Every structure is written in C-alpha cells, then in structure tokens.
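Model, not experiment: these values are computed from the prediction. Note on naming: letters A, B, ... go to the chains in the order of the sequence lines (proteins, then strands), and numbering restarts at 1 for each one.
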2 protein chains.
Amino acid sequence: MSEGGDEAYPRGGLAHRVPDLGALELLLAVARLGSLGRAARELGITQPAASSRIRSMERQLGVALVDRSPRGSRLTDAGALVTDWARRIMEAAEAFDAGAQALRGRRDSRLRVAASMTIAEYLLPGWLIALRALRPDTAVSLLAGNSAAVAERLLADEADLGFVEGLSLPAGLDGAVVAHDRLIVVTAPGHPWARRRGPLSAGELASTPLILREEGSGTRQVLNAALGGLARPLLELSSTTAVKASAVSGAGPAVLSELAVGEELASRRLVSVPVEGVRLDRELRAVWRTGHRPTGPGRELLGLTRG
Amino acid sequence: MSEGGDEAYPRGGLAHRVPDLGALELLLAVARLGSLGRAARELGITQPAASSRIRSMERQLGVALVDRSPRGSRLTDAGALVTDWARRIMEAAEAFDAGAQALRGRRDSRLRVAASMTIAEYLLPGWLIALRALRPDTAVSLLAGNSAAVAERLLADEADLGFVEGLSLPAGLDGAVVAHDRLIVVTAPGHPWARRRGPLSAGELASTPLILREEGSGTRQVLNAALGGLARPLLELSSTTAVKASAVSGAGPAVLSELAVGEELASRRLVSVPVEGVRLDRELRAVWRTGHRPTGPGRELLGLTRG
DNA sequence: TGGGGGCATAAGCTGTCCTTATGAGCGAGG
DNA sequence: CCTCGCTCATAAGGACAGCTTATGCCCCCA
C-alpha cells in the first residue's frame, strides 16, 4: 500500500534497465566538464535537454548521480562508480563503431584490410581506434573471412593488408607475427582443476569432457589438431559467451581463446589451468603480397600491431 | 549528384552511430534463435517490430546483418562479426546493471556489501553477475567508500561483507585475500621502454615524468608510497580512460592498475614494462567482523571470489 | 491443397526526447 | 547595492522512433 510503485525494477531486457548510450555519453561529458550546460553544448543539445536526461537516468537507476550547485555539477560517490561502469560500455561501443565503420567498406577507403575472424573480432577494433587517434582521416575498409579468402584478396590486389591465424604462411605472401592466440583451459574457481599442483597432461585433457564451441569452429579445429585427435565435448555451444557462462556457473572445464576471457580471469570468475605437452599457441600474422610491404596507412596500422 | 545522401556517416556522438541497446539485444536473440519472430517473442515484442528494427539497424550500419529466408534468418558473415562486437557491449551493460542494481541499495537486501572503489569498479560487477547466475533471487546492496568507511559499516553491523584494498587489516575485522591489484607501467608499443632488455629500476621510474591520475587518487597514493617519495607527473589526468588514451597515443609511460588495461594489453595497444625493486602489488581483501564470517549469500559471494 | 511458419508492408498511436521561453539561486565586479 | 554571468529547473509544444494490428506473400510439409 504505502510502498509506491517504484519498488520493483522494470521487467524486460537489459535495455530497459540500462540507460541508453546517449544518456551514458552525456553522463561522461558531465563528469569530464563539471557542468550540465557545458556537457550539453559539447553534445550539441540544449541545457534543459541535458538536465532532463540526467534526471530521468537518476530516476531509472534509483540513485543520485550528480550534485547540482549554482556553480556547476559534480558526481556523487555513487555517480562516480556508475560513470566508471558507463565508461566500459562506451569503450565497447567505440570498438563496435570502429569495426562497423570499417565493415561498411566504402570504396574510397584509403586502407583495405582483410582479416580472419578471431582477429577481426578481438583485436582489430582496438587497432582501428588507435589508428583513428593517430590518423583521424584514414578510412579503413574491412573484409572478414578465413585465411584462404584473405590470401585471395591480397593476391588480387583487393586488399592492402591482411591478418591471418594459422601455422603456415599462404604462398605468395610475406608476413610478420603480430600476436598470439593461445587457447587456454579454464574452470570456475571451485572446480578441482583450479587447485591442481602440476599442469594438466595432454592425455588428461583429451580424455576429459569439455565445454566447447561447436564442431567446425576455429577454436575447436585448433584444439583437435593440438590433441592429435578429437576433443570430447561435455557441452557444445554455439557462442563463446555461452561457453563462458557455462564454465563460470561450474558446469565443467572449457577451452577458449585467451583473448575471450581476459575480463573473467582478472575478476577470477574463471581460473586458467596450465597444460603441458600440447601446443595450444597459434600465431596471428599480418600478411601482404610478397614485395608489396604496406606503405602509408597500412604501415601505420602495422606499426600499431607490432610496436 | 548521383551519390545519394547516405555516404557521410552521421555526425554527432557515438550514440548516433551505434544502435541502441535494445536493437543489439534483439540482434543477439536473432543470432541465438535463428528467427526474427522467435527473437521478437522472446523480447516481448511483435514480429513486425523486430523486422523493422533489424532493418533500420542494417540501414544505420550500412551492412546486411541477417540473411532472411522463408525458413528463418541466419547471420551474414558481417552480421556474425557485428554480433560479436555487440556482445561485448551487452556484457558491459550487464555489469553496469548488476552494479547499479546493488547501488540502488534497497533496505530489504539479503546481502549488504561495502567495498572500496577499485573493487567496486572492476571486480564486483563480475562477481555479482556470477552470483546472480548461481542464486538469482539474492538481492545485494552496495555501498562504496574507502577502507575506513567499509570497516565502520561492518562494525556497526550495517554491512555483511566488505572488500578493502590496502596492506593492513582494520582492527576488529577478519579477512582473506581475494585478488591483487598490481600497478603496472605501460607505454605505447613504439616507446623505447617497450624494447628494453632488463626491467626498469625504481630510480628510473621515480625520475621519469609519467602520465598519472591526479594527486589524491588511489593509484597515485600507492605509487608514491612504493617509490618512497613523489612520482613526477608528465601529465595529470582525472580519469583512468584519459590516462590510457594518452599512453596509447604515445605521449609517454603511464602507471595504471593492471585491472584497467587488460584489453589494451591483449590487443597490444599498450605494452607492460617490468619494474624491479618496487612493490606495486596491493592485496585486495574480503573482510568481515571478527567472529562473524559470512553465511548464506555472503558465503556464496565469498566463494566466488576465492575459489 | 490446405496449414503453419517465416518475413514484409501499411496505417495509426504513443511516448520519448528535443526545442524555445522563462524563472530563480549564487558569486563577482562596477 | 545592483547587475551581469554563470549555474540549474520548469513548462509547453513539436518531431520522430518504435510499437501495434492487420494484412499479404512465399515456402515447405502433411
């Protein structure tokens, strides 16, 4: 009765419980600039719009985010925390944007990149953000495919720079290693393997049912090759996220690319289990047509990946 | 002339170039379920709404995302990539939601947590997500503050479980180490320090101007303590993101929490420089009132953090 | 040859977010 | 002392995005 109607939080998807990207962007601007009005101006809206938007975000979250004063606005303690979490979302959005922009593949792009999936998914967006910071006017186009497709594009001079994962270099191409994609075995911290003394042997790994991506996926292929046979699936899931979620909830050990679980390892939601006697390393290479080492923006991007 | 008007991408903030969270959520559902209609039903909207929303997302991005057929919809190659990137955004949004929900701090929460900033910012959301997976009905409330405030809450029995960073345990509390917050020195891959043979000495670090958070920040305090004096700032910035961005763009070496740069290290936008002779490690502890080791949901959460 | 699942289109409604216009608190300077 | 300049809040109106219902077409299968 006396308990108004705002107790229960909104049902429905995440999107109804998390402020939209525009609101988060505004919050970050307020945090940085110290005033609603200045933040509004920076985003090209009016001060009342900003005021109302922040207010409705506070209502949605049920938390006061900014201390308003006649001399500006500062974040509350809770606001600082929310802002930090919001920043993570915006960083992911920035990566999305960088990738999507390249994917749009305008024909007038100054740099045409062809990349394999793992690289395009995990690494390229970060590189593109860095490249954008360095050379804001470089338009990049991206084509994603397997190693053979990447090689084909390069040889047909339809791409300036490629990225492939795999052991050998396709014919007609030169390359340089830019990163390593290491498959790792992970479990929830409560799993017996998390407390092992010594590393896992190849035999143990091969004989234990694992949470895996579906047959045919890249990581599954690498794992099969490394084990010299077929890995035994405990669960077969169609997305890396699903695999991670299962592992976190303790369903069993999973095998995943190291690139996919950085966050979970850092927060100890997952623990890495050492393995010996198996080559789970895979080299990720930048490649180009023999004798056509990239110049201009391609060289720039290459520099970002190799240091 | 002949080039319509959709060549230039929309001006304005990221929010105008990245689909909103609802659209991304829908895309993930389509990817998972293989049909627009099923995805619509899962999200509680109608099939035409889903159809139109996906279509406008494709228009916004300038890329076909799904192959529609009379027998369902599957992602295109580009769509799979976009979906992967979208998943990262949604994961960050999930962490935001978990944190914000706890921050709302309803009085009927079954588990009251008090945590220091670093932990609340980087680790706690992940733990809360894991806890939610394990015990969906556990309502958690979060209060963030410094170590003294956390101790005070616990001693006043206003919190069931605390998390503090620091060397010593406040009086009246028991605790257990759950993680380590290590400050690391990072540079852009092009920086001379990235190619060093041996580790950096404390003296070199102390005498080199660094990109740092502002005086008074937690990381700055730890750094000063470790160096036994004052670090020399090359730039003083007020957010971790700004520090990272400066370092990535090559402005100089920066000192940051390892937790803040996982992604950048993995993609080699930043490189970690080893340091010797300095204790940049800081232990992160779970704490509780002496003799009141948490039970129920608190024990559960503790288990997630310690394995 | 229906029936059912899939998707697309059209028309109408609603709510959100923007704008402009205005007012009120606080501090600095003539 | 008063006014200017900055801050934020409120009110009223308009534009647009996204939802719904209603429909149609396509394909497969029984």
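Rounded to whole Å, atom P of dA8(C) lies 12 Å from atom CZ of Arg59(B). In this structure, the CG atom of Leu33(B) is 14 Å from the C1' atom of dG6(C), given to the nearest Å. One interatomic measurement links the two molecules: CD of Glu58(B) to C1' of dC7(C), which rounds to 12 Å at whole-angstrom precision. Separating the CG atom of Leu26(A) from the C1' atom of dC18(C) is a distance of 13 Å, rounded to the nearest angstrom.
Closest approach of Leu235(B) to Ala251(B), counting heavy atoms only: CD1-CB, 4.4 Å. Here the closest heavy-atom approach between residue Leu234(B) and residue Gly252(B) is recorded as CD2-CA, 4.2 Å. Contact record, Leu61(A) with Ala100(B): CD2-CB, 4.0 Å, taken as the closest heavy-atom pair. Trp85(B) and Pro125(A) get closest at one heavy-atom pair: NE1-CG, 3.4 Å. Arg220(B) and Leu212(B) get closest at one heavy-atom pair: NE-CD1, 3.6 Å.
Using a 4.0 Å cutoff to heavy atoms of chain A, the contacted part of DNA chain D runs 5' to 3' from dT7(D) to dT10(D).
The residue Asp20(A) sits close only to the backbone: its heavy atoms come under 4.0 Å of sugar-phosphate atoms, none of a base.
Only Arg41(A), Gln47(A), Pro48(A), Ser51(A), Arg55(A), listed by number, bring a heavy atom of residues 40-57 of chain A to less than 4.0 angstrom from any atom of DNA chain D.
Looking at Arg132(B) and Glu94(B), no side-chain N of the basic residue comes within less than 4.0 Å of a carboxylate O on the acidic one, giving no salt bridge.
To the nearest 0.5 Å, the span separating OG on Ser51(A) from CG on Leu36(A) amounts to 6.0 Å. Leu103(B) contributes atom CG, which lies 8.5 Å from atom CG of Leu65(A) (distance to the nearest 0.5 angstrom).
Dashed line: the shortest gap from a side-chain N or O of Ser73(B) to OP1 or OP2 of dC7(C) is under 4.0 Å.
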